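Because the structure is predicted, anything quoted here is derived from the model rather than measured. Heavy-atom basis, side chains included; hydrogens, waters and symmetry copies ignored.
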Amino acid sequence: MHDRPLILGIHGLANKPPREEKQAWWGQSIAEGLRRNVGRAPPDLPFDFVYWADLRYDAPLADDHNREPYYPARGRGPFPSPDGVCAPTLTDRLYRVIEWIQVKAGHLVLDDLIIEHRLDDLWGYYEDIIFREAARDRLRQALAQHEGRPLLLAAHSMGSLIAYDVLRLLERQGNLPVIAHFVSMGAPLGLAEIKRRLASEHGDLRVPEAVARWSNLGDREDLATVGTTLAEAYAPNRAGIGVIDCPVINAYRRPRGGKNPHKSYGYLRTPEFSRAVAAFLNEETRAGSENRAEPAALSTASGA
């Protein structure tokens, strides 16, 4: 059905496995989280995926080079959640001091080093206009393909930056997709250099007008999430929709046991993301049923 709600994902930094495999792994992660956290997952999860790694890398990541594949986690119960609100870490506090010094000095030296040497795709995104526009076009095409459908836009890492840029650009064109819920995960949108570049292109930092809800999921050990909270940095849109910063525990483990609190599969399996997906599907299914029932009721009334 053209108006059926849809989860639309967009991946983040670094090379990825082939598109079909990556999309399947995202879908399996979401379904695994739903089963363990809320007790059920729809058999035909409405999910589509924006893949852009092939614009940056000559060949997909081969199985024998993939140190962090998707695989079902051990256990049967819900995945862990933070015990209360997570306070800023020592890294957060240090970064905020350094950010203040950088802004006062007018040189974002640390951010430039982080982006160039640790977040290379982000550097390429800003330095290579052909790559940047091609990556944005992938999301634009997906939004156009699903025009009119209520969307939960799930954006991981650099995907959150691409999503933010595209939504702000579309609103300037008067073209607002139906983003019922924008969920950013492991987003680098609090970095001073990213905020500076976004403000330079879009004029201000705020929630895009197309967004009816924005939840920002971040593990406090995920270095991509250092800096200000997004609620501090991004003002509400004209409808009064602000960012909700949501601390989570990214419980992903590599097959040999190493932690990666930035991994997409871990974010997609958090109870907080599962509840967002379940609420989105329930609300949109209920709204769709009410909308479909209304004409019948009117018809009965007019024929009485």
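- Minimum heavy-atom separation, L189 to L161: CD2-CA, 4.0 Å.
- Here W214 pairs with S184 under the side-chain hydrogen bond (donor to acceptor under 3.5 Å, both in side chains) rule; sequence neighbours left out.
- Contacts of Y57 classified as ring-ring contact (aromatic ring centres under 6.0 Å, His included), with partners at least two apart in sequence or in another chain: none.
- Residue I162 is grouped with residue Y126 when hydrophobic side chains (ILVMFWY) are merged at heavy-atom distances under 4.5 angstrom, including chains of intermediate members.
- Residues F79 and V277 do not share a hydrophobic cluster, defined by chaining ILVMFWY side chains whose heavy atoms lie under 4.5 Å apart.
- By the 4.0 Å N-to-carboxylate-O rule, E21 lies too far from K16 to be salt-bridged with it.
- Taking CG of L61 as the reference point, atom CZ of R67 lies at 10.5 Å (rounded to 0.5 Å).
- Residues forming a side chain to side chain contact (heavy atoms under 4.5 Å, CB included) with F131 (at least two apart in sequence, or on another chain): W52, L55, R56, Y125, D128, A135, M158.
- Annotation for A210 and P177: closest pair CB-O, 3.4 Å, computed over non-hydrogen atoms.
- In this structure, K259 does not pair ionically with D222, as no charged nitrogen and carboxylate oxygen lie closer than 4.0 Å.
- One N or O on the side chain of R149 and one on the backbone of R4 form a donor-acceptor pair closer than 3.5 Å.
- Checking side-chain atoms of N237 against main-chain N and O of V211 turns up a donor-acceptor pair under 3.5 Å.
- Take H202 and apply the ring-ring contact (aromatic ring centres under 6.0 Å, His included) test, not counting sequence neighbours, and it matches Y164.
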When you look at R140 and E133, which way does the salt bridge (Lys or Arg N to Asp or Glu O under 4.0 Å) test go after all the steps?
CA-CA 10 Å; R140 287 190 188 104; E133 289 305 309; 3.8 Å; yes
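- Looking at residues two or more places apart in sequence or on another chain, you find no side-chain hydrogen bond (donor to acceptor under 3.5 Å, both in side chains) involving N175.
- Taking hydrophobic clusters as Ile, Leu, Val, Met, Phe, Trp and Tyr residues chained together by side-chain heavy-atom distances below 4.5 Å, V38 shares a cluster with L45.
- Looking at D54 and R138, their side chains come closer than 4.5 Å, going by heavy atoms from C-beta outward.
- Applying the salt bridge (charged side-chain N to carboxylate O under 4.0 Å, His left out) definition to pairs two or more places apart or across chains, those involving residues 208-218 are R206-E209, E209-R238.
- There is a path of hydrophobic side-chain contacts, each under 4.5 Å, that joins I7 to F49.
- The structure places SG of C246 at 12.0 Å from CG of L230, a figure rounded to the nearest 0.5 Å.
- Between L152 and L6 the shortest side-chain heavy-atom distance does not fall below 4.5 Å.
- In terms of heavy-atom proximity, P188 sits nearest to L122 at CG-CD1, 4.1 Å.
- In this structure, P82 and P247 approach most closely via the heavy-atom pair CG-O, 3.3 Å.
- Grouping the Ile, Leu, Val, Met, Phe, Trp and Tyr side chains by contacts below 4.5 angstrom, directly or via other members, places L167 with L205.
- Between V166 and P208, the closest side-chain pair of non-hydrogen atoms is not below 4.5 Å.
- Legend: residues meeting side-chain hydrogen bond (donor to acceptor under 3.5 Å, both in side chains) with D48, ordered by chain and number and at least two apart, are H146.
- In this structure R132 satisfies the side-chain hydrogen bond (donor to acceptor under 3.5 Å, both in side chains) test with no other residue, sequence neighbours excluded.
- No more than 12 heavy atoms of other residues, nucleotides or ligands shown are found within 6.0 angstrom of CG on D58.
- No side-chain heavy atom of K22 sits less than 4.5 Å from a side-chain heavy atom of P18.
- Closest of all the heavy-atom pairs between F273 and I30 is CE2-CG1, 3.9 Å.
- Annotation: side chain of S200 is not in contact with side chain of L198 (no heavy-atom distance under 4.5 Å).
- One finds the CD atom of E193 at 4.0 Å from the CZ atom of R196 (value rounded to the nearest 0.5 Å).
- In this structure, E283 contributes its side chain and F280 its backbone to no donor-acceptor pair below 3.5 Å.
- Two residues are said to be in side-chain contact when any heavy atoms from C-beta on lie closer than 4.5 Å; M185 and S264 fail this criterion.
- Between T270 atom OG1 and R36 atom CZ the span is 12.5 Å, to the nearest 0.5 Å.
- From I179, atom CD1 reaches atom CG of L143 across 5.5 Å, with rounding to the nearest 0.5 Å.
- Salt bridge R35/E32: absent, no basic N to carboxylate O contact under 4.0 Å.
- Note that CD of E272 is 3.5 Å distant from OG of S81, once rounded to the nearest 0.5 Å.
- Residues passing the ring-ring contact (aromatic ring centres under 6.0 Å, His included) test with Y51 are H11, sequence neighbours excluded.
- With a 4.5 Å cut-off on side-chain heavy atoms, L176 and L170 do not count as touching.
- Closest approach of Y265 to P69, counting heavy atoms only: CE1-C, 3.7 Å.
- Annotation: side chain to side chain contact (heavy atoms under 4.5 Å, CB included) contacts of Q28 (sequence neighbours excluded): A24, W25, Y70.
- In terms of the ring-ring contact (aromatic ring centres under 6.0 Å, His included) criterion, residue partners of H156 (sequence neighbours excluded) are, by chain and number, H262, Y267.
- Checked for salt-bridge contact, D219 and K263 miss the test: no charged N lies under 4.0 Å from a carboxylate O.
- Using modelled atom types, no side-chain atom of R40 and backbone atom of A278 make a donor-acceptor pair closer than 3.5 Å.
- For the pair N216 (side chain) and D245 (backbone), a donor-acceptor distance under 3.5 Å is absent.
- For the pair N37 (side chain) and R269 (backbone), a donor-acceptor distance under 3.5 Å is present.
- Although no hydrogens or angles enter the test, the distance criterion places no donor-acceptor pair under 3.5 Å between the side chain of D121 and the main chain of N15.
- In this structure a side-chain-to-backbone donor-acceptor pair under 3.5 Å is missing from S29 to L268.
- Every residue meeting the side chain to side chain contact (heavy atoms under 4.5 Å, CB included) condition with E201, not counting sequence neighbours, appears here in chain and number order: R136, D165, L169, R172.
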